[in-house]
Q: 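One structure follows; several queries about it will come next.
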Amino acid sequence: MARRPLVVIGSGLAGLTCAWASDPQGCILLTAGVLTDGAASMWAQGGIAAALSPDDSTALHAEDTWRAGAFAGDRAVIDRITGVAPEVVRLLVELEVPFDRAPDGSIDLALEGGHSRSRVAHAGDHSGAAVTTAMARAVRAAPHVEVREHHTVTRLLADASGAVCGVEVRRRDGSLEVIETDRVVLATGGMGGLWAHTTNPTTALGQGVALAARVGARTDDLHLVQFHPTALDVAADPMPLLTEALRGAGAKLVSDGARFVDELQPRDVVAAAVWEQLTEGRTVRLDARGINRVATRFPAVAELTAASGLDLTRDLLPVRPALHYSMGGVTVDDTGRSSVPGLWAVGEVSRTGLHGANRLASNSLLEAVVTGRAAAADAITWTGVWRGSVRPADPATVRTRTCTAAPAASRPLPLAQVRETLDSACGVLRDGPTLQAAVDCLEPHVGDDAAYVAWLIARSALAHPLSVGAHRRTDNVLPEGVSA
Ligand SMILES: Cc1cc2nc3c(=O)[nH]c(=O)nc-3n(C[C@H](O)[C@H](O)[C@H](O)COP(=O)(O)OP(=O)(O)OC[C@H]3O[C@@H](n4cnc5c(N)ncnc54)[C@H](O)[C@@H]3O)c2cc1C
């Protein structure tokens, strides 16, 4: 009997890499818009981290990742992923990614916060578009990938044993189709669009987490989200990003004219320092005027600021923290296997253990390529016995569409309200009573995917009373039975 097709969902860097690497068996690649539409991968400015310079090593890259993640990452995963980073960059060079070069012809490496060495390979300040476009070109040329654009996955189907048996898809004309399959790779990206202040595409609503959790997949660390300290504070949704590489090149943060933080500390530290200034009523600005040839080196940023009437070479740029990246997600093992047979997750939708409680800058494009390749290799050879190492989900978090919490569940909460709720309860600083109120507000609406994922996030934040990395509890209560 012919094997049912492998289905990959999402055409950011993780999904594209997975589809490309599914050679020779191949896959169907489903994506919501046209290829790369709605992908945060296209928006990455900084680049991809890899220990490539003579004064660097993969061990140092691993150490920086571990430290930036507040020592909460999985050390074996960190060592494995940072260990292959140089090879990943070489692969991207083979795919003709036009990385910037130093005068001696080697790849030019930028310095970013939390890195003890200059190690970010970049293509100007539009690195994500350069890398993702190259991978999309390879996918378009690959005879083993059947691309289906304008195919939004609305539901995963599971059989009586709980294993994946199909996906429900909404096509461009609104019609629904079921594709039968026993193997699905989720590559649906992050969930930053669930916050009112975000740098993510507003379509990044964590739908992959909803799809997976509704069929019983385990999720972890959903409360561990990263706030980028320097989103341009103008009336735009999503907020334009002022890349960390600007600070690496010498840009300074000033509050009412004075510096207040070491700009190259990990993001959680800088974001908290900026937030403190703002809550004390001061205005925080990024001063990039001292950077040599700043507009030439950062043309994408220059364009973004100009669109808001600001000149990068002359103006101080108002900034505030904004939701940027999700460290948690669908829990997976080294091959991308989730707790549900037949379901893999790769890229930002997954929780691999690489990032701990705070992602080191420019480690996520790396993770997208590494996890995409690993899941493809596993999925094309998998023969039916699911030996994953991920523990089952907490049943209290699993809400199927037919088993909703309350009658009001069929009435979706307006997205704007979901976003305001997470913004105020799950921002840079959190406390128990506000989180409890958010959980109570969202609970009756978990039949709706956006509210469901927001509920899972708030619930996870409430369940973690201790501050760690990007999760900062102002009440910082110790768990019962633990003394200080
Ligand atoms: C402004 C910005 C700058 C960044 N800069 C950097 C950087 O310099 N370096 C770095 O390492 N990281 C950076 N990041 C983070 C990085 O871009 C992302 O973590 C990474 O690209 C995620 O890749 P992905 O493939 O998992 O998801 P994405 O690239 O977000 O792709 C998700 C895909 O899934 C599709 N999709 C979603 N739901 C469905 C559905 N239900 N059905 C069908 N398709 C669906 C989307 O349309 C999209 O194609 C940045 C992020 C942002 C927002």
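Counting starts at 1 for both ligands and their atoms, in listed order. What you see below is based on every heavy atom in this structure, not just the backbone, and it leaves out hydrogens, waters and symmetry mates.
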Q: Is there at least one pair of N or O atoms, one from D37 and one from ligand 1, spaced under 3.5 Å apart?
A: yes

Q: Say whether M42 and ligand 1 are in contact under the criterion: heavy-atom distance to a ligand atom below 4.0 Å.
A: no

Q: Verify the distance criterion only: is there a donor paired with an acceptor across the side chains of D108 and H122 at less than 3.5 Å?
A: yes

Q: Classify the contact between M239 and ligand 1 as side chain, backbone, both or neither, using a heavy-atom distance cut-off of under 4.0 Å.
A: neither

Q: Considering distance alone, does some N or O of L13 sit under 3.5 Å from an N or O of ligand 1?
A: yes

Q: Below 4.0 angstrom, N of the basic side chain to O of the carboxylate: do R285 and D233 qualify?
A: no

Q: Under a heavy-atom criterion of less than 4.0 Å, does G128 contact ligand 1?
A: no

Q: As a test of understanding, state which of H151, H150, E177 forms a side chain to side chain donor-acceptor pair (under 3.5 Å) with R171.
A: E177

Q: Could you see which bit of A187 sits under 4.0 Å from ligand 1, with heavy atoms only: side chain, backbone, both or neither?
A: backbone

Q: Are H355 and Y325 an aromatic pair by the rule of ring centers under 6.0 Å?
A: yes

Q: Taking side chain to side chain contact (heavy atoms under 4.5 Å, CB included) as the criterion, tell me which of L323, D237, L205 meets it with R419.
A: D237

Q: May I ask you to say whether R155 pairs ionically with E168, meaning some side-chain N is under 4.0 Å from a carboxylate O?
A: yes

Q: Any N or O of A32 that comes nearer than 3.5 Å to an N or O of ligand 1?
A: yes

Q: Any side-chain donor paired with an acceptor under 3.5 Å for S338 and R218?
A: no

Q: Using a plain distance cutoff, I'd like to know if W43 has any nitrogen or oxygen under 3.5 Å from a nitrogen or oxygen of ligand 1.
A: no

Q: Looking only at heavy atoms of E149, does any of them come nearer than 4.0 Å to an atom of ligand 1?
A: no

Q: Assess H324 for proximity to ligand 1: is some non-hydrogen atom of it under 4.0 Å away?
A: yes

Q: G47 to ligand 1: N or O pair under 3.5 Å?
A: yes

Q: Check this for me, if you would: do R472 and D268 make a salt bridge, where the nitrogen-to-carboxylate-oxygen distance has to be below 4.0 angstrom?
A: yes

Q: Between ligand 1 and I48, can you find any atom pair, the residue atom being a heavy atom, that is separated by under 4.0 Å?
A: no

Q: Can you tell me if S11 has a non-hydrogen atom under 4.0 Å from ligand 1?
A: yes

Q: Can A204 be said to touch ligand 1, with heavy atoms closer than 4.0 Å?
A: no

